[in-house]
Amino acid sequence: MNTSEMREKSVDDLQKELLALRKEQLSLRMQKGAGESAPKPHQHQHVRRDIARIKTILTERKEKA
């Protein structure tokens with residue numbers, strides 16, 4: 001999902017997406033800790049950047065209100 005699509009979502013939807021991404025991040029860390037190889041090594045970076053994008057958008061909206 002790109003930034004423009006994220007900006008169109010409501011705050012509640014963004015918070016749900018953020019929660020889902022954090023769960024995915026935890027799952028990826030657990031897989032790495034258990035010695036399993038992640039199916040796609042770049043997933044960690046992708047999830048981390050999506051979390052940062054959502055947090056940035058939420059902060060911008062909070063400052064505007």
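Residue numbers run from 1 in the order of the sequence given.
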Out of curiosity, [X] [atom1] to [Y] [atom2], how far, rounded to the nearest 0.5 Å?
{"X": "His46", "Y": "Leu28", "atom1": "NE2", "atom2": "CG", "value": "10.5 Å"}
{"X": "Leu14", "Y": "Leu19", "atom1": "CG", "atom2": "CG", "value": "12.5 Å"}
{"X": "Leu18", "Y": "Lys23", "atom1": "CG", "atom2": "NZ", "value": "11.5 Å"}
{"X": "Arg22", "Y": "Arg48", "atom1": "CZ", "atom2": "CZ", "value": "14.0 Å"}
{"X": "Leu21", "Y": "Glu24", "atom1": "CG", "atom2": "CD", "value": "6.0 Å"}

Walk me through it: do Asn2 and Met6 pass the test side-chain contact (heavy atoms from CB on, under 4.5 Å)? CA-CA 6 Å; Asn2 60 24; Met6 288 181 188; over 6 Å; no

What's the verdict on side-chain hydrogen bond (donor to acceptor under 3.5 Å, both in side chains) for Ser10 and Asp12, showing C-alpha distance, side-chain angles and the deciding distance? CA-CA 5 Å; Ser10 69; Asp12 290 334; 5.2 Å; no

Side chains of residues 51-62: which donor-acceptor partners sit under 3.5 Å, not counting sequence neighbours?
residue, atom, partner, partner atom, Å
Arg53, NH1, Asp50, OD1, 2.8
Thr56, OG1, Ala52, O, 2.8
Thr59, OG1, Lys55, O, 2.8
Glu60, OE1, Arg7, NH1, 2.6
Arg61, NH1, Lys9, O, 2.6
Arg61, NH2, Arg7, O, 2.4
Arg61, NH2, Lys9, O, 3.0

